[in-house]
Amino acid sequence: LNLPAGDASDTTPRYHAAFDGLQTPWPGAALWRSIDGEATYQQLISTTLEAWTGIVADAMADADPHVLDTASEITVIVDQGTLTSISDAALYEHGNLASLGEEIFCFGVAELVAPSTYELSRFLRGRRGTEDKTGSHVDNERLFILDAAIRKVDMQSVGERGIVRDYKSPTAGESLADAYHTTFAPTAANLIPFSVAYPRAEQSGLDWTFFWFMRSRYGGSLINLALVSFDFDHLGFRIDLFTDGTYATLVRSILTDGGMGLDAEAEATYLYNEAAQIADYGSAQSTLYYRIVQLTTTSASRALNLIAA
């Protein structure tokens, strides 16, 4: 699994593994990796904790990640274990945290509707920087409950990103030769910064000003009332300007610190004046097509396609 940053200690390149046993009782398993085309394998981790996982047959509907989603419902058939409902207070503390496809969400209600079958509802969508993935779902996705059974696997370096390796996961007592084989490419998703918050652009005369807020993966949130701080690898921001709404042709990329100084909670701004527009486009612009990207020393955030008019 390529999961986004989980907490303040999640700062080194890694990915995660979930183990779903077929035996009852399940004796545990190990994860082995080959970096030489299966000539040799090395054991990475072992566990006796089985992941709570299941299949969601119908694609989850899109929803606004900024408000409680009381409209969506999904039905999951779990391989083992039980799911439980929680209070809204626990929900807002990231209780019942789960992954489905590329989205991370929390669910408040889990109703058993048939053997091993639960109807989930009352969601907080797009958690941990996945707000742009709420509309990405397809049929027959696998859901994982993100608890202690989801094991972290350290990468040797950021240089392993995107490299496809061979993996096997033998059950305890099973030979490596008989074990299930798969391939996987880690992305060190915990090092990818979250997208900026509340991006917008306002025009005064012929000048434009961009506004946004920095988002931290590690340094506090409004939910727990902790002060927001810059991530340890924070570098700055980039404003990408495009010719039109296809976002296919880049006109200019602007690197900036947003004028935030040392205040991570301040609103960042950038003045894009008439002279700069003429230099970039040949004339002042009444409409801008842009993205605002957060940068770290190793990565750039995802960013929405934005229009200012």
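These numbers come from the heavy atoms of this one structure, side chains and all, not from hydrogens, waters or symmetry mates. Count residues from 1 along the sequence.
Taking CZ of F211 as the start and CD of E202 as the end, the distance is 4.5 Å to the nearest 0.5 Å. Taking OG1 of T298 as the start and CG of D233 as the end, the distance is 5.5 Å to the nearest 0.5 Å. Atom CG of residue N96 and atom SG of residue C106 lie 7.5 Å apart, to the nearest 0.5 angstrom. T47 OG1 to R151 CZ: the interatomic distance, rounded to the nearest 0.5 Å, is 5.0 Å. One distance of note links CG of N273 with OG1 of T209; it measures 9.5 Å at 0.5 Å rounding.
Within 6.0 Å of the OH atom in Y180, the count of heavy atoms belonging to other residues, nucleotides or ligands does not exceed 12. Within a 6.0 Å radius of CG in L250, other residues, nucleotides and ligands contribute more than 12 heavy atoms.
The aromatic ring centres of Y15 and F184 sit less than 6.0 Å apart.
Electrostatic pairing of R122 and E111 does not count as a salt bridge here, judged by no charged N lying under 4.0 Å from a carboxylate O. The pair D10-R217 does not meet the salt-bridge criterion, since no charged nitrogen lies less than 4.0 angstrom from a carboxylate oxygen. Under the 4.0 Å criterion applied to side-chain N and carboxylate O atoms, E131 and R215 are assigned as salt-bridge partners.
In this structure, F105 and F123 have perpendicular ring planes: the angle between them is above 60°, well past the 30° mark. Taking the six-membered ring where the residue is Trp, F210 and Y272 present tilted rings, their angle falling between 30° and 60°.
Side-chain contact between I239 and W212: present, with at least one pair of heavy atoms (C-beta onward) separated by less than 4.5 Å. Between S195 and D132, the closest side-chain pair of non-hydrogen atoms is not below 4.5 Å.
Judged purely by distance below 3.5 Å, without hydrogens or angles, the side chains of S175 and D178 pair a donor atom with an acceptor atom.
The backbone N or O of G21 lies less than 3.5 Å from a partner atom in the side chain of E50, making a donor-acceptor pair.
Contact record, D62 with G135: OD1-N, 3.4 Å, taken as the closest heavy-atom pair.
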**Request:** Check the pair F237 / Y270 against side chain to side chain contact (heavy atoms under 4.5 Å, CB included), numbers first and verdict last.
**Result:** CA-CA 10 Å; F237 307 94; Y270 183 83; over 6 Å; no

